[in-house]
2 protein chains.
Amino acid sequence: MSQPAQARSRRTRNRLIAAAEDEIAAQGFEGLRVDAVVRRAGVAKGTFFAHFADKEILIEELIAARLEAELQRLEAAPPPHDLDGFIAALMPAWSLMTQERYVFDVIARHSTAMGIANLGPLAIAFQRLYDVISDWLSGAPFRTDVTRRLLAEGVQAFALQSMALEFCALHNQIGLAARLRPYLRAWLLPNHAAGTKKAPETGALSVAAEAA
Amino acid sequence: MSQPAQARSRRTRNRLIAAAEDEIAAQGFEGLRVDAVVRRAGVAKGTFFAHFADKEILIEELIAARLEAELQRLEAAPPPHDLDGFIAALMPAWSLMTQERYVFDVIARHSTAMGIANLGPLAIAFQRLYDVISDWLSGAPFRTDVTRRLLAEGVQAFALQSMALEFCALHNQIGLAARLRPYLRAWLLPNHAAGTKKAPETGALSVAAEAA
DNA sequence: GACCAGATTTGACCGTGGTCATTTAACCGC
DNA sequence: GCGGTTAAATGACCACGGTCAAATCTGGTC
């Protein structure tokens with residue numbers, strides 16, 4: 001994977017990626033067309049598919065690259081020491097994932113590994129994210145009756161669900177952080193949760209329940 | 001919705017649905033082709049799209065119908081009185097969702113409402129499912145420091161994540177129920193989990209931790 | 001039963017992702 | 001440089017979801 005090919009091939013691949021980035025900057029991920037990329041790169045259509053098994057794999061790579069950049073920041077950052085700090089620290093990564101509905105869908109589909117010995121770039125990035133979160137969660141205020149790993153996976157489960165809701169017109173008057181908070185509080189600080197009765201701790205979906 | 005059309009139209013629609021069911025029985029959801037449905041129904045292609053905005057909406061309806069049937073059973077069933085009963089009771093609904101990867105993807109994309117005042121059939125079915133789960137969770141052994149609704153939504157978040165993992169070749173030596181259990185235990189019974197410091201009963205839990 | 005307005009159906013057509021046999025370029029030993 | 005072998009690129013072609021102006025049917029009115 002490191003040295004897959006001759007120089008010409010690498011150049012072509014880079015041209016394709018650059019062209020795709022340009023197109024995405026102009027049209028967004030959703031509006032990306034293989035024909036447009038290929039035209040901009042000055043290359044035949046078949047060439048595209050010689051380099052990327054399908055369109056989604058290219059997109060996955062581009063999203064993963066953005067995520068990796070954010071991960072680098074997260075890994076360097078000091079661990080947060082309370083729930084709100086935790087949420088704030090992860091917010092940039094989460095906003096990245098919710099920029100575009102299309103992007104979120106790709107992530108939802110690929111954030112778990114999809115084939116034996118064949119973790120896609122997004123799945124790999126998510127493993128790294130789990131590591132960061134696990135690490136942060138091992139510390140002081142958070143529950144310890146359960147492995148950090150399990151805790152981290154739970155955080156992702158709630159995050160994905162809240163993000164999905166973010167795209168639902170019925171519920172989007174409330175921000176991601178606000179939506180996510182009650183879940184994480186109940187998940188990460190189960191003993192504290194009983195103490196407060198402030199604010200509507202109803203689930204984010206209750207708005208929909210009303211409407212139904 | 002009740003009286004959408006003249007009789008001819010309703011007949012055509014039913015023929016399309018029946019044809020689609022036949023095709024799905026033969027080819028699975030993934031293999032469904034609009035052309036095949038239309039041919040089998042003896043109808044022109046345009047007619048299909050006069051009845052269903054797109055292919056996915058038909059599929060959504062068919063999946064929702066199966067889910068509704070299961071919901072009827074769930075609503076009639078007695079509430080489970082412990083965690084394993086809870087999991088066992090919901091298992092049929094969850095297996096329904098994991099029959100086919102394609103089906104799961106559609107569910108993941110449509111289980112939350114997608115447009116104002118326009119809950120799709122799947123979103124509606126999921127509201128019903130939340131109601132059932134909320135109801136079951138209000139009872140005895142489960143935590144009460146948090147609303148039933150929030151608890152129910154959390155259950156779905158974990159269920160969806162575990163299902164996604166179910167399709168990941170790297171992790172599929174472990175069944176859905178076994179994968180899900182440690183999450184639900186930690187989510188629904190946080191105090192029981194906290195009771196034991198060295199966590200001797202977390203056998204299933206550590207399996208999930210290991211999987212990483 | 002002749003007529004009409006609106007609902008329904010039709011099928012040729014299009015956009016777009018993806019395939020593959022063929023052609024062209026790169027590398028290597030001589 | 002010169003054949004020859006493998007890697008890379010090409011573009012005509014296909015599959016499939018979806019569109020739309022035109023044709024056809026239906027139920028109601030006189």
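Atoms considered below: every heavy atom in the structure, side chains included; atoms not considered: hydrogens, waters and symmetry mates. Residue numbering restarts at 1 for every chain, and letters A, B, ... go by the order of the sequence lines.
Comparing dG18(C), dT19(D), dT9(C) by their nearest atom to the side chain of Phe49(A) picks out dG18(C). Residue Ser9(B) places its side chain closer to dT9(C) than to any other of dG18(D), dT16(C), dT9(C). You'll find that the side chain of Val34(B) is closest to dG17(D), out of dG18(C), dG17(D), dT9(C).
Rounded to an integer number of Å, the gap from Phe29(A) CZ to dT16(C) P is 19 Å. As rounded to whole Å, 13 Å separates atom P of dC16(D) from atom OH of Tyr102(B). The nearest whole Å value for the distance from the CG atom in Leu58(B) to the P atom in dG17(D) is 11 Å. Atom-to-atom, NZ of Lys55(B) to C1' of dG17(C) comes out at 14 Å; the value is rounded to the nearest Å. Taking atom CZ on Arg39(A) and atom C1' on dG15(C), their separation rounds to 12 Å, with Å as the unit. As rounded to whole Å, 15 Å separates atom P of dA7(D) from atom CZ of Arg10(A). Computed from coordinates, the Leu16(A) CG to dG17(C) P distance equals 14 Å when rounded to whole Å. Atom CD in Glu23(A) sits roughly 12 Å away from atom P in dT16(C) (whole-Å rounding).
Judged by distance alone, with hydrogens and angles left aside, the side-chain atoms of Glu75(A) form no donor-acceptor pair with the main-chain N or O of Val132(A) at under 3.5 Å. Arg148(B) places no side-chain N or O within 3.5 Å of a backbone atom of Ser138(B) that could act as its donor or acceptor partner.
A sub-4.0 Å separation between OP1 or OP2 of dT9(C) and a side-chain N or O of His51(B) is present. Dashed line: the shortest gap from a side-chain N or O of Thr12(A) to OP1 or OP2 of dA9(D) is under 4.0 Å.
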Give each protein N/O atom lying under 3.5 Å from an N/O atom of nucleotides 21-30 of chain C, with the pair distance.
none

Please write out each protein N/O paired with an N/O of nucleotides 11-13 of chain C under 3.5 Å, distance rounded to 0.1 Å.
{"unit_1": "dG11(C)", "atom_1": "O6", "unit_2": "Gly46(B)", "atom_2": "N", "d": "3.3"}

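Across all strands, Leu32(A) comes closer than 4.0 Å only to sugar-phosphate atoms, never to a base (heavy-atom distances).
A salt bridge links Asp145(B) and Arg143(B); the closest N-O separation between the charged side-chain nitrogens and carboxylate oxygens is under 4.0 Å. With respect to Arg109(A) and Asp105(A), no salt bridge is recorded, no charged nitrogen being found less than 4.0 Å from a carboxylate O. Salt bridge Arg179(A)/Glu166(A): present, at least one basic N to carboxylate O contact under 4.0 Å. Salt-bridge formation is not detected for the pair Arg185(B)/Asp84(B): no Lys NZ or Arg NE/NH1/NH2 atom is positioned less than 4.0 Å from an Asp or Glu carboxylate oxygen. Using a 4.0 Å cut-off between a side-chain N of Lys or Arg and a carboxylate O of Asp or Glu, Glu21(B) and Arg66(B) qualify as a salt bridge.
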- Message: Assess the residue pair Trp187(B) and Phe158(A) against the criterion (ring-ring contact (aromatic ring centres under 6.0 Å, His included)); give the C-alpha distance rounded to whole Å, side-chain angles, the decisive distance to 0.1 Å, and a yes or no.
- Response: CA-CA 12 Å; Trp187(B) 176 238; Phe158(A) 287 125; 5.0 Å; yes

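Relative ring orientation between Phe86(B) and Trp136(B) is described as perpendicular, the plane-to-plane angle rising above 60° on a 0-90° scale split at 30° and 60°. Relative ring orientation between Phe126(A) and Tyr130(A) is described as perpendicular, the plane-to-plane angle rising above 60° on a 0-90° scale split at 30° and 60°.
Contact record, Ala20(A) with Leu32(A): O-CD1, 4.0 Å, taken as the closest heavy-atom pair.
Direction of the helix axis in the helix from dG1(C)-dC30(D) to dC30(C)-dG1(D) shifts by 10° between the two five-pair termini, rounded to 10°.
For Ala53(B) and Arg13(A), each mapped to the nucleotide of DNA chain D holding its nearest heavy atom, the one lying further toward the 5' end belongs to Arg13(A).
With values rounded to the nearest 0.5 angstrom, Leu151(A) atom CG is found 4.5 Å from Leu137(A) atom CG.
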